[in-house]
Structures are given as C-alpha cells and as structure tokens.
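Predicted model, so just to flag it, every value in this text is computed and none were measured. These numbers come from the heavy atoms of this one structure, side chains and all, not from hydrogens, waters or symmetry mates.
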Amino acid sequence: MTTVKKQTQVRLEEDVLAAGKAAAAARRLDFNKYVERLIIEDTTGARAGGMAAAQRLIDEHGTFLDDLEQQLDAPYAEPLPSAAA
C-alpha cells in the first residue's frame, strides 16, 4: 500500500532551519523525515510519553546517575602534569 504525500511550505528563521537540519543530520534523517517524525510524535502523544518516562527515570534514579557521573568525571578533574620545557 502506498500513501500519497502532500507538499507544504513553511517559513522558518534561518537559525531555526539550521538547527533543524543539524538535528536531522545527527539522526541520519533527511529534513523532511525529521519534521514528519516531530509532527507524528507530537500529535500521537509519543513525545509526551517519552518525556514522562525520562522524568520518572530522573525522579527514581537521579541521585545514582549524579553519583555515577561524578565518578566517571573524577579522573578528568585532576590537572594533567605539564610537560617539562
């Protein structure tokens, strides 16, 4: 089954368009597919569900994640010895 795609036009500020294209490229999507996914996620509640799940994760495990982040960052907190000149 094929679906018929409709074409539309949007006007975006230059920096918004650049940010959208960069976000699409980071996800290895073309810009049209990226925008399509954003609309689908927003209108089906998928985005809200994902955000709610992320918030629950933070609420339930935030302290553990903060501690883990500090442990992982600790080796890089020490200044590196400088090279002798």
Side-chain angles (χ1 to χ4, degrees):
M1 171 191 266
T2 61
T3 60
V4 176
K5 300 243 180 188
K6 298 288 184 174
Q7 185 171 348
T8 189
Q9 181 177 2
V10 295
R11 296 180 190 277
L12 302 171
E13 296 289 333
E14 191 173 326
D15 57 337
V16 173
L17 177 60
K21 286 184 175 184
R27 290 163 178 81
R28 295 188 172 137
L29 297 172
D30 67 56
F31 184 70
N32 287 332
K33 189 65 175 175
Y34 174 70
V35 171
E36 183 179 50
R37 280 192 179 180
L38 287 177
I39 292 169
I40 290 168
E41 289 171 0
D42 188 51
T43 58
T44 62
R47 181 170 295 278
M51 294 302 289
Q55 188 61 57
R56 282 192 306 275
L57 179 72
I58 291 169
D59 292 345
E60 294 173 15
H61 304 289
T63 303
F64 170 78
L65 295 171
D66 288 341
D67 291 344
L68 180 61
E69 181 178 27
Q70 287 179 358
Q71 290 174 21
L72 293 172
D73 288 344
Y76 304 103
E78 298 295 320
L80 295 175
S82 59

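Evaluation of the side chain to side chain donor-acceptor pair (under 3.5 Å) rule for Lys6 yields no partner, not counting sequence neighbours.
Hydrophobic clustering (ILVMFWY, side-chain heavy atoms < 4.5 Å, transitive): Val10 and Ile39 are in one cluster.
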Could you pull out all donor-acceptor pairs under 3.5 Å where a side-chain atom in residues 15-33 meets a protein atom, sequence neighbours excluded?
unit_1 : atom_1 : unit_2 : atom_2 : d
Arg27  : NH1    : Ala23  : O      : 2.9
Asp30  : OD1    : Asn32  : N      : 3.0
Asp30  : OD1    : Lys33  : N      : 2.8
Lys33  : NZ     : Glu36  : OE1    : 3.1

Report, one line per pair, each donor and acceptor closer than 3.5 Å where one atom sits in a side chain of residues 67-74; sequence neighbours left out.
none

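Around the CD atom of Glu13, the shell of radius 6.0 Å holds no more than 12 heavy atoms that belong to other residues, nucleotides or ligands.
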